Engineer: 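Submitted below is the structure of interest, expressed as structure tokens.
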Amino acid sequence: MNNRVNLAGKRAIITGASSGIGFAIAKELARNGVSVALLARRERKLEENVREIVSNGGVADFVTVDLCDEEANCAAIAAAASKLDGLDILINAAGMAKQANLSDGDYEDWKAMLNLNVIALAVATREALPYFPKDGGHIVNISSMSGHRVPGKGGFYSATKFAVRAMTEGLRQELREADNPTRVSSISPGFVNTELLDHYFGGESSAYERIGHPILQPEEIADLVLHQLTMPKSAEVTDILVRPTAQRT
Ligand SMILES: NC(=O)c1ccc[n+]([C@@H]2O[C@H](COP(=O)([O-])OP(=O)(O)OC[C@H]3O[C@@H](n4cnc5c(N)ncnc54)[C@H](OP(=O)(O)O)[C@@H]3O)[C@@H](O)[C@H]2O)c1
């Protein structure tokens, strides 16, 4: 395909870029000539990640933020767009997963997942939209297989990821209604080898040991996001479902 979108010179904000999928996407975009702004809470991680991207020839900066604070979220998107001198792409990767049952789960766990996975994503999206160029930007939400089916013990996390799917489609329809050509996509992975799984399963053993079969690598998700972003402008990839071949459910 020779009408693919050329990403060189574009500007992207990536939330949740201090680790895992967000950082892998930041690296992949930078490799493809995108100037990237990395957002998360852990300043030291963000500094290290930016240093790594820059030492590999990329253009990168960071903004430290707790996205669950609405005011801070708004200020961080504005600061990042200002550092980048505009914005073409928003990757909503910040997220968390806890095993919090619906039958006896902890209110604070529910609230934390809802605040970050759903509300903070909506705030970042709303704040980023005005910076996109007239001919459209692109938003990619990192959803989950758990936004398509409900895993045992993950009922509340799953509810937040079903919400991400609903928000992806809802925003798409709002933008089409407003004749705004900004594209909206999501990607819905199964198990990916990141810190999130270690927090989810807890304990001493690694996620890989718990799951007992090979799982996806964050770089594989980044590769698929690159595919979504570079599709010809006339095509919008709504969602990609991807899971380890060995994952049963
Ligand atoms: N790993 C999987 O198996 C899997 C599968 C499907 C979907 N996902 C989704 O993929 C996305 C990325 O997760 P991951 O697997 O890459 O895990 P991860 O390595 O734990 O990444 C989560 C990111 O979110 C950031 N974050 C957490 N709370 C935040 C807050 N209040 N404000 C700002 N940033 C915050 C973390 O940075 P700080 O701690 O520095 O703030 C980190 O950069 C999530 O939406 C997750 O639901 C993961």
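All of these numbers come straight from a predicted model, not from anything done at the bench. In listed order, ligands and their atoms are each counted from 1. Values below: all heavy atoms of this structure, side chains included; hydrogens, waters and symmetry mates excluded.
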Engineer: With a 4.0 Å cut-off on heavy atoms, does G190 reach ligand 1?
Structural biologist: yes
Engineer: Give me the nearest non-hydrogen protein atom to atom 19 (O) of ligand 1 as residue plus atom name, then the distance to 0.1 Å.
Structural biologist: S19 OG, 2.8 Å
Engineer: Using distance alone, determine whether H199 and ligand 1 share an N or O pair under 3.5 Å.
Structural biologist: no
Engineer: Specify side chain, backbone, both or neither for Y200, according to which of its non-hydrogen atoms lie closer than 4.0 Å to ligand 1.
Structural biologist: neither
Engineer: Tell me, yes or no, whether the heavy-atom count around D135 atom CG, taken from other residues, nucleotides or ligands under 6.0 Å, exceeds 12.
Structural biologist: yes
Engineer: For atom 16 (O) of ligand 1, what's the nearest protein heavy-atom neighbour? Residue, atom name and distance, please.
Structural biologist: I21 N, 2.7 Å
Engineer: Quick one: does A93 get an N or O within less than 3.5 Å of an N or O on ligand 1?
Structural biologist: yes
Engineer: Kindly identify the option in R44, R243, R42 whose heavy atom sits closest to atom 40 (O) of ligand 1.
Structural biologist: R42
Engineer: Has ligand 1 got any nitrogen or oxygen that is less than 3.5 angstrom from a nitrogen or oxygen of A40?
Structural biologist: no
Engineer: Judged on heavy-atom distance to atom 6 (C) of ligand 1, which of A26, A76, P189, P244 sits nearest?
Structural biologist: P189
Engineer: Give, for atom CZ of R41 and atom OG1 of T64, the distance between the pair rounded to the nearest 0.5 Å.
Structural biologist: 11.5 Å
Engineer: Do E28 and R31 sit within salt-bridge range, that is, some charged N less than 4.0 Å from a carboxylate O?
Structural biologist: yes
Engineer: Between R42 and E48, is there a side-chain N and carboxylate O pair less than 4.0 Å apart?
Structural biologist: no
Engineer: Using a plain distance cutoff, I'd like to know if G16 has any nitrogen or oxygen under 3.5 Å from a nitrogen or oxygen of ligand 1.
Structural biologist: yes
Engineer: Have a look at ligand 1 and work out which part of A17, if any, has a heavy atom under 4.0 Å from it: side chain, backbone, both or neither.
Structural biologist: backbone
Engineer: With H138, which of K233, R183, E236 fulfils side chain to side chain contact (heavy atoms under 4.5 Å, CB included)?
Structural biologist: R183
Engineer: Who's the nearest protein heavy-atom neighbour of atom 29 (C) of ligand 1, and how far?
Structural biologist: R41 NE, 3.5 Å
Engineer: Could you tell me whether L67 and ligand 1 have an N or O pair separated by under 3.5 Å?
Structural biologist: yes
Engineer: For residues E220 and V242, determine if any side-chain heavy atom of one lies less than 4.5 Å from a side-chain heavy atom of the other.
Structural biologist: no
Engineer: With a 4.0 Å cut-off on N to O distance, would you call R165 and E169 a salt bridge?
Structural biologist: no
Engineer: Please work out whether the ring planes of Y200 and Y157 are parallel, tilted or perpendicular, with thresholds of 30° and 60°.
Structural biologist: tilted
Engineer: Hey, is K98 close enough to D106 for a salt bridge, meaning N to O under 4.0 Å?
Structural biologist: no
Engineer: Heavy-atom distances under 4.0 Å decide this one: backbone, side chain, both or neither, for S143 against ligand 1?
Structural biologist: backbone
Engineer: Any idea which of L196, N193, I91, D198 brings a heavy atom closest to atom 17 (O) of ligand 1?
Structural biologist: L196
Engineer: If the test is side chain to side chain contact (heavy atoms under 4.5 Å, CB included), which one of N101, V150, D109, L114 qualifies with F156?
Structural biologist: L114
